Amino acid sequence: QLQLVDSGGGLVQPGGSLSLSCAASGFTLADYGIGWFRQAPGKDREAVSCFSSNVGFAAYRASVKDRFTVSIDTAKNTVYLQMNNLKPEDTAVYYCNADLRTTVESVEVYWGQGTQVTVSS
């Protein structure tokens with residue numbers, strides 16, 4: 001089996017924190033480019049961050065920069081999204097993503113099933 005499994009979503013109050021996990025099975029997550037995406041009700045899926053442990057690179061969309069942090073535990077083959085100072089507009093289903101270009105024509109892509117994050121008082 002080759003898959004990603006998201007977990008850690010839930011209900012949190014504005015200003016609170018939440019940590020999402022994404023565990024990989026069947027492949028080595030550190031070899032892949034990693035992304036976190038989210039999709040709010042009625043809206044398109046949008047990228048939250050991209051991360052590469054191989055090249056030591058991480059980037060975040062402006063609205064979450066300085067609040068969200070991606071990290072990886074290579075021993076556990078798991079990537080995390082630490083979310084601090086959450087806002088109602090962060091409410092969405094969050095998905096982890098891993099990709100690796102295998103040929104000029106194709107990219108190997110895996111998606112987590114998604115985990116719901118709701119920020120509300």
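On a predicted model such as this, the values are computed, not experimentally measured, just so you know.
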- request: Tell me, with the steps shown, if D73 and T78 meet side-chain hydrogen bond (donor to acceptor under 3.5 Å, both in side chains).
  value: CA-CA 5 Å; D73 186 332; T78 299; over 6 Å; no
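- Here the shortest heavy-atom pairing between L4 and Q113 reads O-OE1, 3.7 Å.
- Looking at every heavy atom in both residues, I72 comes nearest to I34 through CD1-CD1, 3.9 Å.
- Considering only residues two or more places apart in sequence or on other chains, S121 meets the side chain to side chain contact (heavy atoms under 4.5 Å, CB included) condition with P14.
- Between W36 and F51, the ring center distance fails the sub-6.0 Å criterion.
- In this structure, the separation between OH on Y94 and OG on S7 is 15.0 Å, given to the nearest 0.5 Å.
- No side-chain heavy atom of M83 sits under 4.5 Å from any side-chain heavy atom of S19.
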- request: Kindly indicate, with the supporting measurements, whether the criterion side-chain contact (heavy atoms from CB on, under 4.5 Å) is fulfilled by L11 and S120.
  value: CA-CA 7 Å; L11 176 64; S120 177; 4.3 Å; yes
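- Residue pairs meeting the ring pair (Phe, Tyr, Trp, His ring centres under 6.0 Å) criterion with at least one partner in residues 12-31, sequence neighbours excluded, are F27-Y32, F27-Y110.
- For T28 (side chain) and A30 (main-chain N/O), no donor-acceptor pair under 3.5 Å exists by modelled atom type.
- Remark: R38 is not positioned above the aromatic ring of Y95, lacking an NZ or CZ atom under 6.0 angstrom from the ring centre and at most 45 degrees off the axis.
- Residues R101 and V107 approach most closely at NH2-CG2, 3.2 Å, considering heavy atoms.
- Distance CG/L100 to OG/S106: 9.5 Å, rounded to 0.5 Å.
- Y80 and L86 sit in two unconnected hydrophobic clusters of ILVMFWY residues. Membership requires side-chain heavy atoms under 4.5 Å apart, directly or through other members.
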message: I'd like to know whether L20 forms a side-chain contact (heavy atoms from CB on, under 4.5 Å) with T115, so could you lay out the CA-CA distance, the side-chain angles of the two residues, the decisive distance to 0.1 Å, and finally the verdict.
response: CA-CA 8 Å; L20 306 183; T115 183; 4.0 Å; yes
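- For the atom pair SG of C22 and CG of L29, the computed distance is 6.5 Å after rounding to the nearest 0.5 Å.
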